[in-house]
Amino acid sequence: MPTTEITAAAPAPATVQPERIPDPCIVVIFGASGDLTKRKLLPALFHLEQSGLLPKNFAVVGVARRPLEKTFAQDMKEGIISGGDVDPNDPKLDEFVSRIHYHAMNFDDSAGYDSLKETLAELDKKYGTMGNRLFYLATAPEYFSDIIKYLGDHCMARPRDCGDGKNWVRIIIEKPFGHDLESAKALNDEVNKVFDENQIFRIDHYLGKETVQNILVFRFANGIFENVWNRNYIDHVEITAAENIGIEGRGPFYETAGALRDVVQNHVMELLSFVAMEPPVSFQADAVRAEKVKVWKAIQPIHPADTVRGQYGPGIVEGKPVVGYRQEDRVHPRSQTETYAALRLEIENWRWAGVPFYIRAGKRLGKRVTEITIQFKLPPLLLFKDAQGKGGEGIRPNVLSMRIQPDEGISLQFGAKVPGPTMTISKVKMDFSYAQAFGKSSANGYERLLLDAMLGDATLFAHRDGVEATWALMTPILHAWANDPIRDLPNYAAGTWGPATADALMKSDGRKWRKL
Ligand code: BG6
């Protein structure tokens with residue numbers, strides 16, 4: 001399809017918030033021996049250091065069960081180099097690594113918290129970190145409750161009760177936040193007993209992605225889109241979160257999760273809220289989060305007939321044969337866990353009533369692509385009733401595609417007259433590419449979110465109400481699925497685009513998933 005590129009104009013960007021450096025602090029990562037710490041968190045912290053955005057008085061403490069004191073910092077250094085694409089000779093690297101410490105303890109052993117508290121107090125003296133703490137729960141979710149409770153019992157949580165009243169303590173809680181509505185509420189109760197809501201940062205790394213934040217800029221900082229962003233002009237919305245990877249050795253976790261819990265309840269619902277929300281009155285955390293919750297609460301209960309689940313069987317991905325889900329390590333040979341989920345839902349409010357939102361997410365699909373497409377209604381075509389669409393495809397509606405990843409960008413498809421004596425109309429594209437306009441960015445979502453948490457800005461984190469609102473939508477689906485096992489799993493081959501039932505869901509509305 002012919003494409004017109006849009007490049008960014010060079011003048012200085014309009015900045016909403018000036019860059020700020022957080023207060024001195026220690027980042028304490030529970031579950032530090034896991035992949036997330038090495039591949040994402042430490043590289044993200046080092047990128048902040050490279051950009052001069054970390055305070056001078058700063059340290060990291062990894063906490064986990066195994067005795068890794070001797071190797072942890074070196075191991076993290078390797079993670080920073082490979083996961084963060086960092087030059088091993090970077091002049092800041094060794095000094096940064098010298099501030100990485102390790103504390104071995106069992107998360108359910110009260111004595112371990114006494115010694116952790118002492119260690120942190122010593123590091124405060126050494127680094128001048130003033131009692132400020134950012135705890136990060138990156139453990140398996142079953143440890144969240146214990147850690148939260150023991151931090152409370154050991155007076156490590158609320159500065160007004162335990163500190164000098166001038167220090168701050170915050171806690172980042174990784175997803176999955178709960179397993180269903182009931183467990184999410186229980187976890188919220190537990191954490192709210194020990195921490196005030198403004199100390200709690202429920203993380204969803206999608207919100208740290210530039211392309212996700214840009215949805216709000218695109219919609220609300222431009223005059224031309226908001227007027228057509230509603231049921232009068234939009235036919236339907238599709239959100240795809242496709243991955244070509246499998247479960248990457250995470251069998252035990254994925255068996256208890258599945259695509260709906262792992263990706264739809266959080267990442268996809270966040271994307272949906274940004275597409276559908278009303279403009280907030282400001283970018284303050286409460287204002288943004290309130291608008292998001294309104295969207296989720298306006299979604300009608302999703303009927304099981306509007307849902308599809310799938311599980312991948314063996315297949316070919318990127319030219320190589322791969323095993324099916326049931327053959328993956330530590331997966332039950334008759335597992336019912338879904339590796340693919342698709343939903344049709346409606347938001348019953350003035351802006352969106354009658355506009356279907358189609359969602360699909362899955363592992364081992366045709367390629368890695370997260371994209372939101374807004375398909376507009378066709379205009380009255382009387383004027384062009386005799387015109388032909390190129391290749392017999394008919395005149396196509398306008399489609400706005402927001403490419404969240406990879407190949408980040410936005411494109412708008414519209415019809416144009418093909419030069420020549422006949423009235424033939426072809427679809428063409430205007431395309432904005434982040435890489436072309438702004439250069440390549442190495443930021444993974446974690447950089448922005450860790451920085452915000454250190455600054456105390458919760459705008460891009462989930463609030464209690466939001467987490468419960470999305471679980472309230474997903475939980476009845478999970479129950480319906482649990483009561484109705486599927487007999488023909490696996491129902492899609494790895495490397496394809498999911499089960500035939502997902503196509504049928506669209507077809508029943510006279511539509512087709514967009515080819516990505
Ligand atoms: C995580 C899920 O939250 O998001 C993973 O647990 C998934 O299963 C990942 O692969 C996708 O993140 P990204 O940033 O690669 O799209």
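Counting starts at 1 for both ligands and their atoms, following the listed order.
For the residue pair Asn214 and Thr211, no side-chain donor N or O sits within less than 3.5 Å of a side-chain acceptor on the partner.
At least one heavy atom of Asp262 sits closer than 4.0 Å to an atom of ligand 1. Under the 4.0 angstrom criterion for non-hydrogen atoms, Tyr254 is not in contact with ligand 1. At a 4.0 Å cut-off, not a single heavy atom of Glu248 sits close enough to ligand 1 to count as contact.
Here's the thing with Lys175: one of its N/O atoms is less than 3.5 angstrom from an N/O atom of ligand 1.
Annotation for ligand 1: atoms under 4.0 Å from non-hydrogen atoms of Gln405 are 13 (P), 16 (O). Counting atoms of ligand 1 from 1 in the listed order, those under 4.0 Å from a heavy atom of Lys363 are 5 (C), 7 (C), 8 (O), 10 (O). Taking every heavy atom of Arg368 and a limit of under 4.0 angstrom, the matching atoms of ligand 1 come to 15 (O). Contact atoms of ligand 1 toward Tyr206: 12 (O), 13 (P), 14 (O), 16 (O) (distance under 4.0 Å to a heavy atom of the residue).
Counting only heavy atoms of the protein, atom 1 (C) of ligand 1 lies nearest to His267 NE2, 3.5 Å. Closest to atom 12 (O) of ligand 1, if we only count protein heavy atoms, is His205 NE2, 3.2 Å.
The residue from Phe201, Tyr206, Phe177 that alone fulfils the ring pair (Phe, Tyr, Trp, His ring centres under 6.0 Å) condition with Phe461 is Phe201. A ring pair (Phe, Tyr, Trp, His ring centres under 6.0 Å) with Phe225 is found for exactly one of Phe376, Phe218, Phe220, namely Phe218.
The aromatic rings of Phe58 and Phe96 lie parallel to each other, their planes meeting at an angle below 30°, with 60° marking the opposite boundary.
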Decide yes or no on side-chain hydrogen bond (donor to acceptor under 3.5 Å, both in side chains) for Thr337 and Glu255, but give the supporting numbers first.
CA-CA 6 Å; Thr337 303; Glu255 277 286 87; 3.2 Å; yes
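Around CD of Gln327, the count of heavy atoms belonging to other residues, nucleotides or ligands within 6.0 Å exceeds 12.
Heavy-atom proximity to atom 5 (C) of ligand 1, evaluated over Arg261, Arg250, Lys209, Glu243, is greatest for Arg250.
Side-chain atoms of Arg360 never come within 3.5 Å of backbone atoms of Ala242 as a donor-acceptor pair (strictly under, hydrogens ignored).
Checked against a 6.0 Å centroid threshold, the rings of Tyr340 and Tyr492 count as neighbours.
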